[in-house]
Amino acid sequence: MTVNVGPAIQQLTAFTAAGKKQITFATRVALTRTAQLASANLKHEMRDIFRSPTPYTLSSLFVRPATAKRLEAEVKLKDFAAKATPAATYLAPQIKGGTRPMKRFERAMQSVGALPPGYRIVPGAGAKLDSYGNMNRGQIVQILAYFRSFPEAGYKANMTAQGRAKLALGNKKRAGFRYFVGRPGDRAPLGVYQSMRGGGPGSLKPVMVFVRWALYHKNFDFTYVVEKTVEKEFDGQFKRAFAEAMRTAR
């Protein structure tokens, strides 16, 4: 989205004899400072609407400053990351609404035959969570390794008697516990379950729950925050920058 401050500049400079150089300087500085304030306000909004946002998310905003030749300042979400999903991708449903794209570990779970097509993953009661409420990476790696070793525990084979037989055989090879994809008792949600050896009360825990196409409502009103920041801050920032320009011109 674009906020045009041209009319505001015309109004603020209507009765001044300042030259183009001073007006350009004030415009450039005011645009950049306002964009920086908008970025700070967006970060504050993230803390308000997201539960324990990660440092990666909070640092995903960046400002492209205005220049004398390009009197535009931009506040953007990073759209590239070497080893992670870019913020512009995973925050898009929070801003625009719609379907959340698959996370990398979800694609990996699908590739090993553990996650059926059309599903996303949310943590189950038996999931280990980090301080930000996300699934523990070590547990994800452990589950992926298990399904690579025992593909018969995945959603395809596990739905057949033959698959369950193979799964029982696989369980003998794995000491302590096993993972499997299913819907225990036909009432529990579909997901990845951890079954502890011994089979006593509480031995079966849902680690990952599969949900159909996680849809998001618009929670992060990026446009509103930016527009309100411009409305509140730009005039004052321009007046301060213009005063600076006039002092240096003397």
Side-chain angles (χ1 to χ4, degrees), residues 43 46-60 77-78 80-94 99-158 167 170-171 173-185 188-216 219-220:
K43 187 178 292 187
M46 286 178 177
R47 290 193 174 99
D48 280 349
I49 63 174
F50 300 139
R51 185 185 65 182
S52 303
T54 64
Y56 179 79
T57 295
L58 292 173
S59 65
S60 63
L77 288 165
K78 295 177 182 176
F80 172 79
K83 297 183 179 180
T85 303
T89 299
Y90 69 78
L91 287 179
Q94 299 283 355
T99 304
R100 170 175 69 76
M102 291 188 76
K103 298 178 180 179
R104 289 192 177 191
F105 86 88
E106 289 171 328
R107 291 197 296 270
M109 288 288 290
Q110 199 169 77
S111 73
V112 298
L115 179 65
Y119 283 85
R120 301 291 187 269
I121 295 173
V122 296
K128 297 177 182 177
L129 304 179
D130 61 22
S131 58
Y132 303 105
N134 299 316
M135 281 200 67
N136 178 275
R137 179 173 175 78
Q139 188 176 39
I140 291 173
V141 171
Q142 182 187 67
I143 292 170
L144 283 168
Y146 187 92
F147 282 108
R148 287 193 183 99
S149 299
F150 303 106
E152 65 273 12
Y155 73 92
K156 292 180 180 177
N158 194 44
L167 181 59
N171 191 33
K173 300 177 182 178
R174 183 84 178 186
F177 65 88
R178 67 183 173 93
Y179 290 112
F180 68 93
V181 173
R183 197 190 302 272
L190 179 66
V192 174
Y193 288 80
Q194 184 185 63
S195 176
M196 304 303 294
R197 195 166 185 175
S203 64
L204 188 64
K205 296 180 180 179
V207 180
M208 296 177 175
V209 175
F210 299 161
V211 295
R212 284 278 187 185
W213 298 108
L215 291 174
Y216 285 80
N219 296 321
F220 184 19

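Because the structure is predicted, anything quoted here is derived from the model rather than measured. Position 1 is the first residue of the sequence, and the numbers go up from there.
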field: Heavy-atom pair with the smallest gap, counting every atom of Pro53 and Arg47
entry: CG-CA, 4.1 Å
query: Is the closest side-chain heavy-atom distance between Lys103 and Arg120 below 4.5 Å?
result: no
message: Run the side chain to side chain donor-acceptor pair (under 3.5 Å) test against Thr57 and tell me which residues pass, sequence neighbours left out.
response: Thr54, Tyr90
- line: So CE of Met208 and CZ of Phe210: to nearest 0.5 Å the spacing works out to 7.0 Å
- request: Go through Ser195 and Lys205 one step at a time and tell me if the side-chain contact (heavy atoms from CB on, under 4.5 Å) criterion holds.
  value: CA-CA 7 Å; Ser195 176; Lys205 296 180 180 179; over 6 Å; no
field: Note, Pro151 side chain near Val112 side chain (heavy atom, < 4.5 Å)
entry: no
message: Test of understanding: with side chain to side chain contact (heavy atoms under 4.5 Å, CB included), list the residues that count as partners of Thr89, not counting sequence neighbours.
response: Thr85, Pro86, Pro101
4.5 Å side-chain heavy-atom contact, Leu115 and Glu106: yes
query: Roughly how far, to the nearest 0.5 Å, is the NZ atom of Lys43 from the OG atom of Ser59?
result: 7.0 Å
field: Close side-chain approach of Val209 and Pro123, heavy atoms under 4.5 Å
entry: no
task: Using the side chain to side chain donor-acceptor pair (under 3.5 Å) rule, collect all pairs that involve residues 123-139, keeping only residues at least two apart or in two chains.
output: none
- prompt: For Tyr193, what residues pass the ring pair (Phe, Tyr, Trp, His ring centres under 6.0 Å) criterion, not counting sequence neighbours?
  reply: Phe180
message: According to side chain to side chain donor-acceptor pair (under 3.5 Å), who are the partners of Gln110, at least two apart in sequence or on a separate chain?
response: none
Exercise: identify the closest heavy-atom pair between Ala127 and Met135: CB-CE, 4.1 Å
message: Which residues pass the ring pair (Phe, Tyr, Trp, His ring centres under 6.0 Å) test with Phe220, not counting sequence neighbours?
response: Phe50, Phe222
- request: I would like to know whether Val192 and Met109 meet side-chain contact (heavy atoms from CB on, under 4.5 Å); could you show each step before the answer?
  value: CA-CA 10 Å; Val192 174; Met109 288 288 290; 3.8 Å; yes
- request: Using the side-chain contact (heavy atoms from CB on, under 4.5 Å) rule, take Phe105 and Ile143 through it: C-alpha gap first, then chi angles, then the decisive distance, then the call.
  value: CA-CA 10 Å; Phe105 86 88; Ile143 292 170; over 6 Å; no
message: Walk me through whether Tyr119 and Arg212 qualify under side-chain contact (heavy atoms from CB on, under 4.5 Å).
response: CA-CA 5 Å; Tyr119 283 85; Arg212 284 278 187 185; 3.3 Å; yes
message: Quick check: do Leu190 and Pro116 have side-chain heavy atoms less than 4.5 Å from each other?
response: yes
